[in-house]
Enquirer: 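Have a look at the structure that comes next, please.
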Amino acid sequence: MSTNRATIRDLRRRNRSTLLRRLFFSGPLGRQDLARLTGLSSATVTNVMAALIAEGVVVEAGVEESDGGRPRVLLRVNGNHRLVAGVDVGETRVRVELFDLAMRKRAGSEIAIHPAHHEPGVIVEAIAKGLGRAMSDCSAEADSILGIGVGVPGVVESFGEQVVHAPGFGWSHVPLGGMIGSATGLPVLVDNGAKTMGQAEMWFGAGRGVRHAAIVLLGTGVGAAIFTDGAIYRGATSSAGELGHTSVVVGGRHCRCGANGCLEAYVGAGAILERWAQMSGQPRRPDEDEEATLKALLTGADGDGPASKLLDETALYIGVGIANLVNLFNPERIVIGGWVGLLLGPALLPRIRDAAAAQALNYPFGRVSIELGRLGSDAVALGAATLVAEQFLTHGDAAVRRRESQPAAVGGPVSNSPTLETAATRLT
Ligand SMILES: [Zn+2]
């Protein structure tokens, strides 16, 4: 008997999740459409929708005339039902954004952090402060927030306490999820920033409609999120995708991970500027604005000057890294994002493609498109918020709250169906 009850409960939960996901990605839809698209019976659709409407999760979204029949009532996920928070932890700032359940941005705030002070307590305090400001900007109460998704540089053990290993921050075994949970009182899901950016691009950006993709983050650090058959590839301990620490030059430049010749030691923001300092003979200033210097390099790069040479070499290294992804994973699409990727990409993309073409195997290279990210610099925070949205769509809000101290099933199979247009167009 208990097994039967458990089976029925599981079935109900699965039906609810199937219907809610379909409405989230493809709504508004009528009940008949939902039955047709999911293969569930009309009675099941009616029952589940009645429960979701009673809970305030789903609302009516007008009527649609149908040929010869009665007008159909359209349904959609109630964007106002709850909020989800997304956090992007960077080298010089922590960005906190609040989205509604239609993934519309409601508020955002940025807290500057000193690049030499990445102690866990400093980061947690910045997140709590940023969250407080964002909540106050849109008059949100803590009760209205389902949870906080956090994208961090480094490896995240996506189970238990969500422990982070981030050599760039000097972190080893930092129980970040628990620390943020204690500071904010909210459920927390932590993942690597390249992976959260990857999920955002797959749901709403340049990765929509493909099932095999690599989303590359070029910023201060370099990483990637690998999607195979629509699901993120994590590896044995969640560190898969550390593209920045794959070797491009044997015995090459020293990397902050301790090894030599890593891709990040050539194309991370600091690495590009160090190479420029060596080429130009002008030492870097301690208070240097990296973004402003990179912009100036782009502007000054014409003809055969040293800035052009530096950017040519940078495109070559990025192209080699991309060729390695093509040869290893055979993706349909490679998306380049991150603030350095988006800043240099428009000028360097043709050279990056040429370098990748020269290095990759012809057959897989002929079947991959290389594009720039479409979600701008907000993609890490948006993707972090989708971790919470994903939990809500799969398990419901009560389950998100229960999961506070439980394993975080982050980054599960991504519903990257070709029917994402509606949710994507809601993004502002
Ligand atoms: Zn390295």
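Just so you know, residue 1 is the first one in the sequence shown, and it goes up from there.
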Enquirer: Hey, is Asp378 close enough to Arg95 for a salt bridge, meaning N to O under 4.0 Å?
Expert: yes

Enquirer: Is Asn192 reaching over with its side chain to a backbone N or O of Gly154, donor-acceptor style, under 3.5 angstrom?
Expert: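 Answer holds: yes.
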
Enquirer: Please check: side-chain N/O of Glu264 versus main-chain N/O of Val222, any donor-acceptor pairing under 3.5 Å?
Expert: yes

Enquirer: If we only count heavy atoms from C-beta on, is the Val89 to Ile127 side-chain gap below 4.5 Å?
Expert: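 Yes, their side chains come closer than 4.5 Å.
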
Enquirer: With a 4.5 Å cut-off on side-chain heavy atoms, are Thr196 and Thr386 touching?
Expert: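 When only atoms from C-beta onward are counted, Thr196 and Thr386 do not touch, as no gap falls below 4.5 Å.
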
Enquirer: Roughly how far apart are Thr314 OG1 and Arg275 CZ, rounded to 0.5 Å?
Expert: 4.0 Å

Enquirer: Is it the case that the side chain of Lys195 and the backbone of Ile232 share a donor-acceptor pair, with hydrogens and angles ignored and the cut-off at 3.5 Å?
Expert: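 No: the side chain of Lys195 does not pair with the backbone of Ile232.
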
Enquirer: Evaluate the criterion side chain to side chain contact (heavy atoms under 4.5 Å, CB included) for residue pair Val57 and Asn78; output intermediate values, then yes/no.
Expert: CA-CA 5 Å; Val57 176; Asn78 179 11; 5.9 Å; no

Enquirer: Locate the shortest heavy-atom distance separating Ala206 from Gly373; write the atom from each residue and the value.
Expert: CB-CA, 4.4 Å

Enquirer: How long is the gap from CH2 on Trp339 to CG on Asp88, to the nearest 0.5 Å?
Expert: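 Interatomic distance, Trp339 CH2 to Asp88 CG, rounded to 0.5 Å: 12.5 Å.
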
Enquirer: Aromatic rings His81 and Phe392: how do their planes relate, parallel, tilted or perpendicular, breaks at 30° and 60°?
Expert: tilted

Enquirer: Under the 3.5 angstrom rule, does the side chain of Asn330 hit a backbone N or O of Pro364 as a donor-acceptor pair?
Expert: no

Enquirer: Using the side chain to side chain contact (heavy atoms under 4.5 Å, CB included) rule, take Leu83 and Ser144 through it: C-alpha gap first, then chi angles, then the decisive distance, then the call.
Expert: CA-CA 6 Å; Leu83 298 172; Ser144 67; 3.9 Å; yes

Enquirer: Hey, could you give me the CD1/CE distance between Ile145 and Met135, rounded to the nearest 0.5 Å?
Expert: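 Here the interatomic distance stands at 4.0 Å.
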
Enquirer: Determine the minimum heavy-atom distance between Ala381 and Phe99, stating which atoms define it.
Expert: O-CE1, 4.1 Å

Enquirer: How far does CG of Asp10 sit from CG of Asn15, to the nearest 0.5 angstrom?
Expert: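 Reported value, rounded in 0.5 Å steps: 11.0 Å.
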
Enquirer: Does CD belonging to Glu332 count more than 12 external heavy atoms closer than 6.0 Å?
Expert: yes

Enquirer: With rounding to the nearest 0.5 angstrom, report the CZ to CD distance, Arg76 to Glu60.
Expert: 10.5 Å

Enquirer: Mind listing the closest non-hydrogen atom pair of Ala323 and Ala356 along with its distance?
Expert: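 The answer is CB-O, 3.7 Å.
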
Enquirer: Would you indicate whether Arg12, at its atom CZ, is surrounded by more than 12 heavy atoms from other residues, nucleotides or ligands within a distance under 6.0 Å?
Expert: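 It does not: Arg12 CZ has 12 such atoms or fewer within range.
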
Enquirer: Would Leu375 and Glu201 count as a side chain to side chain contact (heavy atoms under 4.5 Å, CB included) if you check the C-alpha gap in whole Å, the side-chain angles of each, and the deciding distance to 0.1 Å?
Expert: CA-CA 7 Å; Leu375 300 175; Glu201 289 288 351; 3.6 Å; yes

Enquirer: Will you find, in the side chains of His173 and Glu157, an N or O donor that is under 3.5 Å from an N or O acceptor?
Expert: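 Side-chain D/A pair, His173 to Glu157: absent.
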
Enquirer: Any donor-acceptor pair under 3.5 Å linking the side chain of Ser182 with the backbone of Gly178?
Expert: yes

Enquirer: Any sub-3.5 Å donor-acceptor pair from Gln162's side-chain atoms to Val190's backbone N or O?
Expert: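 Answer holds: yes.
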
Enquirer: For the pair Val156 and Arg234, evaluate side chain to side chain contact (heavy atoms under 4.5 Å, CB included) and give the outcome as yes or no after the intermediate values.
Expert: CA-CA 10 Å; Val156 181; Arg234 294 188 166 273; over 6 Å; no

Enquirer: Any side-chain to backbone donor/acceptor pair from His118 onto Glu91? Under 3.5 Å, distance only.
Expert: yes

Enquirer: If you look at every heavy atom in Ala259 and His254, which pair is closest and at what distance?
Expert: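 Nearest heavy atoms, Ala259 then His254: O-ND1, 3.6 Å.
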
Enquirer: Can you establish whether the number of heavy atoms outside Glu119 located under 6.0 Å from its atom CD is more than 12?
Expert: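 Yes.
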
Enquirer: Should the pair Asp289-Lys295 be classified as a salt bridge under the 4.0 Å nitrogen-to-oxygen rule?
Expert: no

Enquirer: I want to check something: taking the side chain as every heavy atom from C-beta on, are Tyr266 and Glu313 in contact at a cut-off of under 4.5 Å?
Expert: no

Enquirer: Looking at CD1 of Ile352 and CD1 of Ile336, how far apart are the two atoms once the value is rounded to the nearest 0.5 Å?
Expert: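 Output value for this atom pair is 4.0 Å.
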
Enquirer: Nearest heavy-atom pair of Leu98 and Cys138: which atoms, and what distance?
Expert: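 Where Leu98 meets Cys138 most closely, the heavy atoms are CD1-SG, 3.8 Å.
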
Enquirer: Could you tell me if the side chain of Val96 sits less than 4.5 Å from the side chain of Ile148, heavy atoms only?
Expert: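 Heavy-atom side-chain distance check fails, nothing below 4.5 Å.
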
Enquirer: Quick check: do Leu19 and Met49 have side-chain heavy atoms less than 4.5 Å from each other?
Expert: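 Yes. Closest side-chain heavy atoms under 4.5 Å.
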
Enquirer: Under the 6.0 Å and 45° cation-pi test, does Arg367 pair with Tyr363?
Expert: yes

Enquirer: Do Thr46 side-chain atoms and Ser42 backbone N/O form a donor-acceptor pair below 3.5 Å?
Expert: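 Looks like yes, one N/O pair under 3.5 Å.
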
Enquirer: State which residue, out of Thr44, Leu393, Leu52, Thr394, fulfils the side-chain contact (heavy atoms from CB on, under 4.5 Å) condition with Arg16.
Expert: Leu52

Enquirer: Do Arg351 and Ile318 come close enough that some side-chain heavy atom pair is under 4.5 Å?
Expert: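 Side-chain contact under 4.5 Å: no.
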
Enquirer: For Ala134 and Ala107, work out which heavy atoms get closest and say how close.
Expert: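 Scanning both residues, the minimum pair turns out to be O-CB, 3.4 Å.
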
Enquirer: So Glu390 and Arg21, do their side chains get closer than 4.5 Å, heavy atoms only?
Expert: yes

Enquirer: May I ask you to decide if Glu371's main-chain N or O and Arg333's side chain share a donor-acceptor pair within less than 3.5 Å?
Expert: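 Checking the backbone N and O of Glu371 against the side chain of Arg333, no donor-acceptor pair under 3.5 Å is found.
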
Enquirer: Whether the side chain of Arg253 engages the backbone of Ala265 through a donor-acceptor N/O pair (distance < 3.5 Å, no angle test) should be reported.
Expert: yes

Enquirer: Within the 4.5 Å heavy-atom criterion, are Leu361 and Val326 side-chain neighbours or not?
Expert: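 Of all side-chain heavy-atom pairs linking Val326 with Leu361, none is under 4.5 Å.
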
